Amino acid sequence: MSLAKTYSPADVEAKWYQRWQEQGFFKATVNPRKQPYTIVIPPPNVTGVLHMGHMLNNTIQDVLVRRARMQGKEACWVPGTDHASIATEAKVVAMLKEQGIEKKDLSREQFLEHAFAWKDKYGGIILEQLKQLGASCDWSRTRFTMEPKLTEAVLRVFVDLYRKGLIYRGVRMVNWDPRGGTAISDEEVIPKDTMAKMYHLKYEVVGQPGRFLTVATSRPETIMADVAVAVNPTDPRYQDLAGQRVRIPLLGREIPVIQDDYVAVDFGTGALKVTPAHDLNDYEIGLRHNLPVLDILADDGTLNEKAELYVGQDRFAARRNIVVDLQEAGLLDKIEEYASIVQTSERTGAVIEPKLSLQWFLKMEHLAKPALEVVENDTIKLHPPKFKNTYRVWMENVRDWCISRQLWWGQRIPAYYLPDGSFVVALSEEEALGLAREQSGNSSLQASDLRQDEDVLDTWFSSWLWPISVFDGFEDPDNADINYFYPTNDLVTGPDILFFWIARMIMAGLEFRKEIPFRNVYLTGIVRDAQGRKMSKQLGNSPDPLDLIRDFGADGVRTGLLFSAPAGNDLLYDEKLVQQGRNFNNKLWNAFRLVKGWEADNNLPFANAQAVKWFEAKLADAMVVIDEHFDKFRISDALLTVYKLVWDDFCSYYLEMVKPAYQHPIDAETLRATVDFLETLLKLLHPFMPFITEELWHELAERGPKDYVCVAHWPKATAPADSATTLAEMERTLAIVAGVRNVRNQKNIGPTKQVDLAVKTDAPTEVQAYANLISKLANLSDLSFVSEAPASAVGFVQGSTEFFVPLDMQVDPAAERARVEKELEYAKGFRDSVNKKLGNEKFVANAKPDVLERERQKLADAESKIAALEQALGAL
RNA sequence: GGGAGAUUAGCUCAGCUGGUUCAGAGCAUCUGCCUUACAAGCAGAGGGUCACUGGUUCGAACCCAGUAUCUCCCA
């Protein structure tokens with residue numbers, strides 16, 4: 001059998017994923033003999049497709065879950081999707097529009113029918129894509145935030161919080177998204193820097209024809225909603241105008257001039273038009289001065305009839321038109337450009353209008369306090385910890401959460417209005433009717449007399465329950481699953497939803513189960529392109545993850561993404577990364593090919609004790625480091641450690657040490673040790689590269705029906721007794737090998753040409769002990785010990801030992817001399833600096849003994865090296 | 001405007017309690033090699049005033065103060 005030179009992932013990935021599923025390895029059940037390890041997936045948008053952010057995020061989760069599974073824990077990764085009300089509804093509306101159907105022509109029931117049809121068609125695509133990535137989720141536990149049970153959980157929570165007095169209904173200034181046709185929460189508003197225009201408008205003073213008060217505004221189309229002009233009471237320019245009236249340009253309506261501290265004297269003209277319906281600050285000024293509220297905007301962003309002018313026009317069209325009309329009327333003083341921030345909707349990108357409306361709110365203060373505490377005292381750890389600060393600031397300034405949305409796709413608010421306008425909140429219509437009869441004292445009320453609130457709940461109002469609701473913790477709070485799997489262990493997600501989701505899950509966990517929802521939060525970075533730009537469809541800089549998996553293999557993509565993804569740092573994606581990932585797979589594949597090709601000969605003596613012992617020590621060291629990295633959630637570092645272990649230590653050194661000559665057999669004991677090493681490496685690699693490791697696991701040996709690396713035991717480090725000595729000796733040996741190779745490179749001697757090595761030392765046994773290895777790795781024809789430097793040789797010094805490679809070519813003594821002198825100079829400089837330190841009384845008096853001892857050792861080493869170099873120089 | 005964090009090699013980042021030949025890793029670069037596992041490879045090499053200015057200390061990439069620049073969060 002001959003194995004291909006390159007590894008082809010496509011052939012093996014689908015096969016192993018199916019086998020794992022058939023074996024039920026991903027299924028998690030309550031098992032008191034095992035420690036549970038739980039992750040709930042951040043549920044992706046049900047109609048979404050996999051993007052690079054998902055790839056990174058889910059790779060990290062899978063690495064954690066697979067390692068936990070191998071550690072013998074009951075690993076449970078719960079998958080699922082989010083109904084994503086605004087985003088999905090927008091998609092469905094767009095899809096219907098393409099078919100010539102307008103949302104407003106449909107009833108709520110008809111629309112939801114379309115929406116569910118859409119969800120059934122496209123929902124779950126993303127979960128299928130995650131399987132291609134290798135995600136080891138327990139698919140039998142797949143949940144959907146809008147499925148009946150989870151909807152019931154949401155309604156229970158709403159009713160519960162309402163009865164606790166934490167949910168209220170009120171008129172507030174909300175962020176209105178005219179494109180989405182709904183209010184959105186503060187967290188869904190994205191400020192964007194823009195250049196805006198400041199229009200200076202002239203308001204004529206009543207009774208003083210020809211005198212104008214100039215007001216600066218960036219939104220001239222809102223003047224029709226003006227109810228006053230405000231100036232700062234300390235502003236000398238406008239003292240005489242307070243209490244006067246001015247006329248709104250074009251409209252002519254009279255409004256008062258008022259004084260308020262809020263107005264900044266040095267901004268604009270120092271005179272502020274007050275428009276309570278369309279600006280939060282103006283609203284507050286209006287409250288202070290008892291001003292009316294005049295709302296001139298319709299929900300879709302057009303001007304309504306109260307505006308009197310430009311009725312029916314979009315706000316931006318109205319702005320263009322009113323500027324022209326103002327100019328013609330001579331009421332536009334000037335236009336200035338200035339840098340400003342415009343608030344936009346996260347979901348639709350539309351410019352937000354502050355708008356007064358009747359919404360449902362959740363009081364946050366009571367919920368935020370304990371949620372802040374558990375992060376402050378590290379009961380929940382954020383990785384990296386710098387996010388603690390961000391979290392604290394937000395939690396200390398948290399505002400009530402606007403939870404109602406003027407949409408249809410979502411959980412409908414369980415509030416029922418009575419004919420008299422009052423309302424009751426209840427889980428079901430029947431319950432509501434009972435409450436309504438009680439509340440109104442009218443026992444003849446019928447269900448048909450009640451009208452349910454039209455709004456749905458914010459999507460995050462279901463997501464915040466996710467760690468509990470996926471285990472049915474609301475309908476059945478004491479069930480075995482939730483008691484076993486909750487609190488979950490680690491949560492992996494992006495910092496952009498720290499407040500939307502993470503903070504609120506913590507609140508929900510503490511409120512409804514009196515227990516944190518997870519212990520660690522690993523915050524990934526954002527995947528950007530090589531120039532640091534965000535991945536976006538418009539820029540076309542986002543590769544299709546499935547194309548990458550096809551081209552580089554799932555394992556290659558997973559490792560590629562992890563090479564450069566420290567927690568909390570953005571990942572600058574470059575195809576070089578996944579190439580490196582693929583190359584690593586190929587390296588492993590070829591190491592396997594080499595070992596697989598060896599023939600064992602039982603009659604041969606064990607010839608590689610040194611190499612085997614050394615790699616055992618190396619392996620044990622690396623395992624300790626890898627586990628440390630994992631414990632600190634340094635996933636990239638863990639990968640890099642095993643990467644170097646495999647590539648450098650195992651392939652470049654160990655395999656080269658034990659590799660038999662071409663077509664020669666290998667001794668059985670070395671082969672056994674090597675296969676053991678390879679198996680251990682496969683285990684360490686499995687969380688990162690599940691497919692290739694499973695393939696090689698089965699190629700390496702005949703396996704029993706349940707023997708998969710996927711469920712193999714995570715290896716434990718067992719270092720040989722004298723591993724420190726072993727490592728130090730081998731380090732010295734490899735340095736000698738590197739010295740010879742360096743001479744080869746300097747003198748342009750190819751790797752196939754054998755050379756001699758002459759050693760001048762007082763302690764030949766140290767070198768002699770490793771002579772075979774040195775000869776093999778450096779490709780020597782002879783290793784001899786000498787008392788004098790051979791003629792025409794290039795030398796180097798290791799420790800206090802001199803090495804010479806005699807050459808049959810002319811060696812330039814001047815160049816050799818210069819080289820040695822340079823080295824000598826460096827060594828002397830080093831010695832002098834150590835000497836100076838040791839000569840400093842204060843250092844000797846204050847430094848810790850081990851530091852002092854180290855310095856003395858350094859000095860001794862330097863002295864002997866200098867002696868050797870001086871000798872070498874003398875011989876030249 | 002307020003707050004937080006960052007600045008180390010061409011790039012992305014480690015560097016723990018101040019002390020190891022401590023200035024590191026990966027990638028990139030350069031040189032030489034198609035050496036019977038791998039050119040998706042092998043061997044070797046070069047490359048940094050640790051942002052700047054002061055201070056503390058026997059000793060500072062690390063601690064302190066200030067300056068500059070960048071990023072994020074909040075207004």
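By convention in this document, chain letters (A, B, ...) are assigned in the order of the sequence lines, proteins followed by strands, and residues within each chain are numbered from 1. None of the values given here were measured: they were computed from a predicted structure.
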In whole angstrom, what separates [X]'s [atom1] from [N]'s [atom2]?
{"X": "W589(A)", "N": "G41(B)", "atom1": "CH2", "atom2": "P", "value": "17 Å"}
{"X": "H629(A)", "N": "G15(B)", "atom1": "NE2", "atom2": "C1'", "value": "11 Å"}
{"X": "R593(A)", "N": "A37(B)", "atom1": "CZ", "atom2": "C1'", "value": "5 Å"}
{"X": "Y7(A)", "N": "A37(B)", "atom1": "OH", "atom2": "C1'", "value": "17 Å"}
{"X": "N585(A)", "N": "A37(B)", "atom1": "CG", "atom2": "P", "value": "21 Å"}
{"X": "L562(A)", "N": "C13(B)", "atom1": "CG", "atom2": "P", "value": "15 Å"}
{"X": "K837(A)", "N": "C58(B)", "atom1": "NZ", "atom2": "P", "value": "14 Å"}
{"X": "R392(A)", "N": "C72(B)", "atom1": "CZ", "atom2": "C1'", "value": "16 Å"}

Searching all strands shown, indicate the nucleotide that pairs with [N] (Watson-Crick or G-U wobble; both distances under 3.5 Å).
{"N": "G1(B)", "value": "C74(B)"}
{"N": "C33(B)", "value": "G41(B)"}
{"N": "G10(B)", "value": "C27(B)"}
{"N": "U56(B)", "value": "none"}
{"N": "U67(B)", "value": "A51(B)"}

[options]: which one has an atom nearest the side-chain heavy atoms of [X]?
{"X": "P751(A)", "options": "G41(B), G32(B), C33(B)", "result": "C33(B)"}
{"X": "V393(A)", "options": "G44(B), A37(B), G3(B)", "result": "G3(B)"}
{"X": "A847(A)", "options": "G19(B), A40(B), A37(B)", "result": "G19(B)"}
{"X": "V851(A)", "options": "G19(B), A37(B), A25(B)", "result": "G19(B)"}
{"X": "W647(A)", "options": "C42(B), G26(B), A37(B)", "result": "C42(B)"}
{"X": "Y662(A)", "options": "G26(B), C27(B), U36(B)", "result": "U36(B)"}
{"X": "K587(A)", "options": "A43(B), C58(B), C38(B)", "result": "C38(B)"}
{"X": "K576(A)", "options": "A37(B), G5(B), A28(B)", "result": "A28(B)"}
{"X": "R741(A)", "options": "G44(B), A37(B), A4(B)", "result": "G44(B)"}
{"X": "F499(A)", "options": "C73(B), A37(B), U20(B)", "result": "C73(B)"}

May I ask you to evaluate whether [X] reaches the phosphate of [N], defined as a side-chain N or O under 4.0 Å from OP1 or OP2?
{"X": "N389(A)", "N": "G5(B)", "result": "yes"}
{"X": "R582(A)", "N": "C38(B)", "result": "no"}
{"X": "S636(A)", "N": "C13(B)", "result": "no"}
{"X": "N586(A)", "N": "G41(B)", "result": "no"}
{"X": "Y643(A)", "N": "C27(B)", "result": "yes"}

State whether [X] and [Y] are salt-bridged, where the test is any N-O pair (Lys NZ or Arg NE/NH1/NH2 against Asp/Glu carboxylate O) under 4.0 Å.
{"X": "D648(A)", "Y": "K644(A)", "answer": "no"}
{"X": "E825(A)", "Y": "K822(A)", "answer": "no"}
{"X": "E656(A)", "Y": "K659(A)", "answer": "yes"}
{"X": "D547(A)", "Y": "R550(A)", "answer": "yes"}

Nearest-nucleotide comparison on RNA chain B, the residue closer to the 5′ end among A591(A) and V844(A):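 On the 5' side of the pair lies A591(A).
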
If you find the nucleotide of RNA chain B closest to Y653(A) and the one closest to R634(A), which residue's nucleotide is nearer the 5' end?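 So the residue in question is R634(A).
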
Between A862(A) and F830(A), which heavy-atom pair has the shortest distance, and what is it?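 Answer, listing the atom of A862(A) first, then F830(A): CB-CD2, 4.0 Å.
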
Shortest non-hydrogen contact from W460(A) toward R504(A):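 Looks like CB-NH1, 3.7 Å.
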
[N] versus [M] - spacing of their [atom1] atoms, nearest Å:
{"N": "U20(B)", "M": "C64(B)", "atom1": "C1'", "result": "27 Å"}
{"N": "G48(B)", "M": "U8(B)", "atom1": "C1'", "result": "8 Å"}
{"N": "U7(B)", "M": "A14(B)", "atom1": "C1'", "result": "15 Å"}
{"N": "U53(B)", "M": "U69(B)", "atom1": "C1'", "result": "15 Å"}
{"N": "G66(B)", "M": "G2(B)", "atom1": "P", "result": "15 Å"}
{"N": "U49(B)", "M": "A43(B)", "atom1": "P", "result": "30 Å"}

Which is true for [X] with a 4.0 Å heavy-atom rule: it touches a base, it touches only sugar-phosphate, or it touches nothing?
{"X": "N779(A)", "result": "nothing"}
{"X": "F552(A)", "result": "nothing"}
{"X": "T390(A)", "result": "sugar-phosphate"}

Under 3.5 Å, is there an N or O donor on one side and an acceptor on the other linking the side chain of K5(A) and the base of C38(B)?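 Flag unset: no donor-acceptor pair detected.
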
Per the atom types in the model, does the base of A43(B) pair as donor or acceptor with the side chain of E656(A) at under 3.5 Å?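 Side chain to base: no pair below 3.5 Å.
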
Proximity of F592(A) and Y7(A) rings by center, below 6.0 Å: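 No, too far apart.
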
For the residue pair N583(A) / Q579(A), report whether a side-chain donor-acceptor contact shorter than 3.5 Å exists.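 Not at all, the side chains of Q579(A) and N583(A) share no donor-acceptor pair under 3.5 Å.
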
